[in-house]
Amino acid sequence: QARKVSRLQKIADAAAEQSHRNYQPQVAYYPSLTTALAASPADFRLVAWEESAKHGEVSALAQTLTAIEPGQSLAAVFGPEGGLTEQEVAQMEEAGVTAVGLGPRILRTETAPLYFLSAVSYACELATTEH
């Protein structure tokens, strides 16, 4: 497990350097969802859940990105291939995590975080920049 985390940290370090980030992400392993939720406090905590769109949720992500202000933190959870279970999402919601949809399409585990980060960048960096 330590080798995987070390490898992923090197990838994160290189990506952060390449993109001139001000914040250096830290990669960590958590043995359970409960541990991960306890270790991830943030002003806003979201879980990308494809079932949200099926239940009619279309604006929670947009509302969160509109509400977030400079200096506030945002944590996001993405499930594995095959998706999260209703029990896992319910556990997260009990811990204050908001389930959000990423639109009408089901995205792969590898691409959902990129889509999410693009939306965050647009809402928090590009849409708020005065021209």
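As a basis for the values below, the full set of heavy atoms in this structure was taken, side chains included, without hydrogen atoms, waters or symmetry mates.
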Sub-4.5 Å side-chain heavy-atom contact between V47 and F78: no
Gap separating the CG atom of L74 from the CD1 atom of I68, nearest 0.5 angstrom: 4.5 Å
I11-V5 co-clustered via ILVMFWY side chain contacts under 4.5 Å: yes
Smallest separation among heavy atoms of W49 and A99, with atom names: CE3-CB, 4.3 Å
Cluster link L117 to V100, ILVMFWY, side chain under 4.5 Å: yes
Residue among I106, L107, L102 satisfying side-chain contact (heavy atoms from CB on, under 4.5 Å) with E50: I106
E81 side-chain N/O to T109 backbone N/O, donor-acceptor pair under 3.5 Å: yes
Test item: S40 side-chain N/O and L37 main-chain N/O as donor-acceptor pair under 3.5 Å: no
Donor-acceptor under 3.5 Å (T66 side chain, A62 main chain): yes
Which atom of L65 lies closest to which atom of C124, heavy atoms considered: O-SG, 4.4 Å
Taking every non-hydrogen atom, the tightest pair across Q9 and P25: NE2-O, 3.0 Å
Side-chain donor-acceptor contact under 3.5 Å, S32 with T35: yes
